[in-house]
Amino acid sequence: MKYEYTTNSPEETLALGARIGSLLSGGEIILLSGELGAGKTLLTRGIVQGMGPDSETKVVSPSFTLVNIYNARLDIIHIDLYRLDSEEIAHLGLEDYMDRDHVLIVEWAERAGGFFQGPTVDIAISHAGEYSRNILISTGFPGIEALSR
Ligand SMILES: Nc1ncnc2c1ncn2[C@@H]1O[C@H](COP(=O)(O)OP(=O)(O)O)[C@@H](O)[C@H]1O
Ligand SMILES: [Mg+2]
């Protein structure tokens with residue numbers, strides 16, 4: 001299934017993320033692509049907000065920490081592959097998080113090569129203006145079909 005959105009402010013992107021977060025049931029691998037400043041981290045913040053109360057959570061770019069973990073309704077693993085090569089990606093131990101108790105969110109997923117196998121939620125974000133973004137979602141996860149409603 002494919003869904004296409006245009007958001008016209010950071011708040012709208014946060015709200016779309018929160019809707020996505022509310023539909024996740026565990027096991028999803030969310031692959032975010034798009035250039036610097038596209039809104040990958042902001043969409044992630046929305047997704048985490050949509051996963052239930054976790055007031056301590058501060059979603060920040062994991063460019064320097066490599067891996068952020070947020071404990072919400074499900075544990076959310078947030079990584080950014082921007083500075084990593086394929087060997088480093090393979091050594092992050094991500095296999096441990098690819099199960100139904102976790103949601104994995106990957107920024108700069110286009111750098112992952114073929115690392116993520118099986119069903120994924122692919123989200124491509126592109127600039128459509130200073131405050132506008134096109135957000136294209138392709139998903140093999142049936143739960144997210146409610147997005148169209
Ligand atoms: N419609 C929009 N959606 C998302 N971000 C937007 C939008 N309009 C402006 N922005 C700005 O773009 C930037 C996106 O930053 P960020 O989420 O860190 O991008 P990335 O993680 O893709 O590098 C933020 O400064 C945000 O305020
Ligand atoms: Mg980012």
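Just follow the structure's listing: the first ligand is 1, and inside any ligand the first atom is 1. If you read the sequence from its start, that first residue is 1, and numbering goes on from there. Hydrogens, waters and symmetry mates play no part in the numbers below; they use all other heavy atoms, side chains included.
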Glu107 and Ser61: side chain donor to acceptor below 3.5 Å: no
Nearest non-hydrogen partners of Leu31 and Phe116, listed with the distance: CD2-CD1, 3.7 Å
Considering all heavy atoms, the nearest Met98-Ile29 contact: SD-CD1, 3.5 Å
Leu32 CG to Leu42 CG distance, which is reported to the nearest 0.5 Å: 11.0 Å
Aromatic plane relationship, Tyr97 with His102 - under 30° parallel, 30 to 60° tilted, over 60° perpendicular: perpendicular
Taking atom CD of Glu87 as the centre, report whether more than 12 heavy atoms of other residues, nucleotides or ligands fall under 6.0 Å from it. no
What distance do Ile47 atom CD1 and Glu28 atom CD have between them, rounded to the nearest 0.5 Å? 10.0 Å
Compile the protein residues with any heavy atom at a distance under 4.0 Å from an atom of ligand 1; present them by chain, then by number. Thr7, Ser9, Pro10, Thr13, Glu35, Leu36, Gly37, Ala38, Gly39, Lys40, Thr41, Leu42, Glu107, Glu130, Tyr131, Arg133
So, Glu12 side chain and Ser9 main chain: donor-acceptor pair closer than 3.5 Å or not? no
Closer than 2.8 Å to the Mg ion (ligand 2) - protein N, O or S atoms, ordered by chain and residue number: Thr41 OG1, Glu107 OE1
Please report the shortest heavy-atom distance between Ala112 and Leu81, naming the atom on each side. CB-CD1, 3.6 Å
